[in-house]
Amino acid sequence: MINITEIADMDRRTVLHPFTYLKNYAAGETDPTIVETGKGVRIRDASGREYLDGFAGLYCVNVGYGRTEVAEAIARQAYKLAYYHSYAAHTTEELARLSDRLVRMAPGKMSKVFYGLSGSDANETQAKIVWYYNNLRGKAHKKKIISRERGYHGCSVVSGSMTGLSFYHDHMDLPVSGILRTGVPHFYRGAVPGETEEAFSQRRADELEALILAEGPDTVGAFIAEPVLGTGGITPPPAGYWPKIQAVLKKYDILLIADEVVCGFGRTGATFGSDLYGMNPDLITVAKGLTSAYVPMSAAIVSQKVYEVMEEATSRVGSFSHGYTYSGHPIGAAAANAVLDIVERENLAGQSAIRGAYLMQRLKAEFEQNPIVGEVRGVGMLAAIEFVSDRDTRASFDPGLKVGARISQAARNRNLIARAMPHGDILGFAPPLVMTEAEIDEMVAIARAAVDEVLRELD
Ligand code: PLP
């Protein structure tokens with residue numbers, strides 16, 4: 001067996017890591033964390049150090065680490081049939097069962113499920129389905145897709161263009177044309193003095209309508225959004241936001257793509273974020289919680305309304321010409337079924353609502369009066385603390401101070417993983433949905449010590 005130093009050297013020489021300062025890593029200024037095992041809400045690295053994972057990996061290991069029943073389901077399927085494709089109506093029992101349950105679980109009137117490997121590729125599929133649908137309906141110009149500032153939908157070519165965070169575009173020739181942007185529904189940051197949440201939501205809906213009218217409603221095909229804004233800052237929508245937005249979309253025959261990659265399967269305290277906010281999507285994107293990341297799998301769930309147009313066109317256009325080698329991979333399907341069995345049996349959506357309320361109560365108690373905390377927000381097992389240099393003016397810190405990153409690092413030094421969200425000074429929490437109240441207490445206490453440490457440094 002090779003030792004830790006050899007693994008680190010090999011990694012440094014050969015792995016191109018996402019979101020890593022390449023030169024610093026290559027020069028040995030930063031070290032890899034060699035993750036070895038995981039159990040429940042904790043991971044352990046090769047040196048034996050254990051971390052409380054307050055972000056469930058990348059908000060995906062919803063059922064927690066080390067669930068043997070998922071590992072066994074994966075192994076059973078691997079022994080029985082490790083792979084076959086799903087082209088030309090090939091299927092497996094696991095795939096048919098998974099699709100049946102997803103269509104029944106999902107909000108609205110869903111009809112079919114198309115599978116991919118990541119949230120990014122599933123959103124890429126959604127864009128193609130929007131274009132296909134409108135071509136088949138004879139609306140060849142109705143193609144633009146509206147997304148939101150600070151929305152996150154992935155980092156491939158079209159999904160990365162839909163993402164409303166500029167550092168995903170810089171130096172990479174994104175966004176591509178045909179992707180429009182509308183305002184982020186963050187009340188704390190966007191409201192004018194004296195404005196109510198309802199009035200702010202109405203203003204956002206009015207802006208959306210103005211954009212659609214300026215572009216021409218016949219040129220706008222879809223609106224994509226996360227029920228709760230995730231990577232852009234873990235920001236639940238203000239009161240009235242979704243009904244008002246949906247009224248505009250309906251008026252102009254614009255499809256709603258609900259990106260449930262983070263929210264889906266219990267994260268918000270409901271099965272889907274769309275359930276919580278009364279959304280009625282035409283297309284739903286899921287990934288992460290679908291398999292709790294035990295194996296890669298994503299899906300684009302297609303409503304009856306959209307599917308009917310696709311089916312009806314068969315004699316004119318032939319087969320649906322879109323698919324990946326690994327679409328509907330049997331091991332992914334087996335993992336998803338085992339994970340969704342746990343989600344249902346342990347009522348993880350309901351648990352997430354209860355434990356999420358406890359988490360919010362604890363975070364508010366510890367942080368709401370803190371001199372550098374502007375807002376404590378969240379829903380279900382999704383929460384964030386936004387740091388400000390001045391609570392009255394809500395002024396942000398100088399980005400050069402890297403306050404969010406330092407607090408996240410101070411937490412990590414105390415063996416807690418809480419994510420410095422990439423936009424602004426925001427500390428994010430999205431633990432496995434199985435985290436207990438005692439573990440929440442431990443997480444919040446460490447976060448408190450980390451914030452206090454950075455607060456002392458800033459004084
Ligand atoms: N959509 C949302 C809402 C996400 O949060 C993410 C990833 O964080 C994605 C899409 C992209 O998923 P992936 O990283 O699997 O491509």
Side-chain angles (χ1 to χ4, degrees), residues 17-20 53 55-62 114-129 145 147-165 167-169 172 174-175 179 184-186 222-237 256-268 272-274 276-277 279 281 283-301 324 326-327 329 332 335-336 339 378-384 417 419-423 426 428-431:
H17 285 276
F19 287 87
T20 299
D53 187 0
F55 216 78
L58 288 171
Y59 19 40
C60 49
V61 189
N62 291 358
F114 177 89
Y115 292 92
L117 277 301
S118 70
S120 298
D121 74 48
N123 279 329
E124 212 80 12
T125 292
Q126 301 290 30
K128 285 181 74 177
I129 289 177
I145 297 177
S147 70
R148 305 178 302 175
E149 302 287 350
R150 286 169 54 189
Y152 186 68
H153 303 293
C155 62
S156 53
V157 176
V158 174
S159 72
S161 298
M162 296 192 292
T163 287
L165 294 161
F167 51 88
Y168 282 94
H169 305 154
M172 290 192 172
L174 296 187
I179 308 295
V184 60
H186 187 187
F223 176 80
I224 183 165
E226 306 147 84
V228 177
L229 190 99
T231 301
I234 306 190
T235 310
L256 172 59
I257 309 169
D259 185 340
E260 295 265 6
V261 167
V262 168
C263 295
F265 310 106
R267 172 70 51 200
T268 66
F272 289 91
S274 297
L276 190 64
Y277 298 112
M279 294 164 65
L283 298 161
I284 301 172
T285 309
V286 293
K288 299 191 190 270
L290 173 62
T291 57
S292 269
Y294 275 66
V295 291
M297 179 174 251
S298 65
I301 310 178
Y324 306 119
Y326 300 137
S327 288
H329 197 289
V339 163
V379 60
M381 290 291 255
L382 263 179
I417 298 169
R419 185 175 181 197
M421 305 308 290
H423 176 93
I426 298 168
F429 301 87

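Both ligands and their constituent atoms are indexed starting at 1 by order of listing. All values derive from a computational prediction rather than experimental measurement.
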Check your understanding: Is any N or O atom of Ser120, backbone or side chain, closer than 3.5 Å to an N or O atom of ligand 1?
Key -> yes

Which pair of heavy atoms, one from [X] and one from [Y], lies closest together, and at what distance?
{"X": "Lys288", "Y": "Cys60", "result": "CB-CB, 3.6 Å"}
{"X": "Ser161", "Y": "Pro175", "result": "OG-CA, 3.3 Å"}
{"X": "Tyr168", "Y": "Cys155", "result": "CD2-CB, 4.0 Å"}
{"X": "Pro422", "Y": "Phe167", "result": "CB-CZ, 3.4 Å"}

**Study point:** atom 4 (C) of ligand 1: nearest protein contact (heavy atom, Å)
**Key:** Tyr152 CD2, 3.5 Å

Practice item. Could you tell me whether Glu226 approaches ligand 1 through its side chain, its backbone, both or neither, with non-hydrogen atoms closer than 4.0 Å? Key: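 The answer is the side chain of Glu226.
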
Practice item. Give the contacting part of Ala287 toward ligand 1: side chain, backbone, both or neither, where contact means a heavy-atom distance below 4.0 Å. Key: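 The answer is neither; Ala287 stays 4.0 Å or more away.
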
**Study point:** Per atom 1 (N) of ligand 1, closest listed option by heavy atom (Asp259, Thr285, Val262, Thr231)
**Key:** Asp259

Check your understanding: Would you call Glu260 a ligand 1 contact, heavy-atom distance under 4.0 Å?
Key ->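 Flag not set, Glu260 not near ligand 1.
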
**Study point:** For Lys288, atoms of ligand 1 separated by under 4.0 Å from a heavy atom
**Key:**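 Selected atoms, number and element: 5 (O), 6 (C), 7 (C), 8 (O).
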
Review point. In ligand 1, which numbered atoms sit nearer than 4.0 Å to a non-hydrogen atom of Gly119?
Key: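 Every atom of ligand 1 under 4.0 Å from some heavy atom of Gly119: 11 (C), 12 (O), 13 (P), 15 (O), 16 (O).
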
Check your understanding: If we only count heavy atoms from C-beta on, is the Ser147 to Ile179 side-chain gap below 4.5 Å?
Key -> yes

Check your understanding: Taking side chain as C-beta onward, heavy atoms only, is Pro236 less than 4.5 Å from Tyr277?
Key -> yes

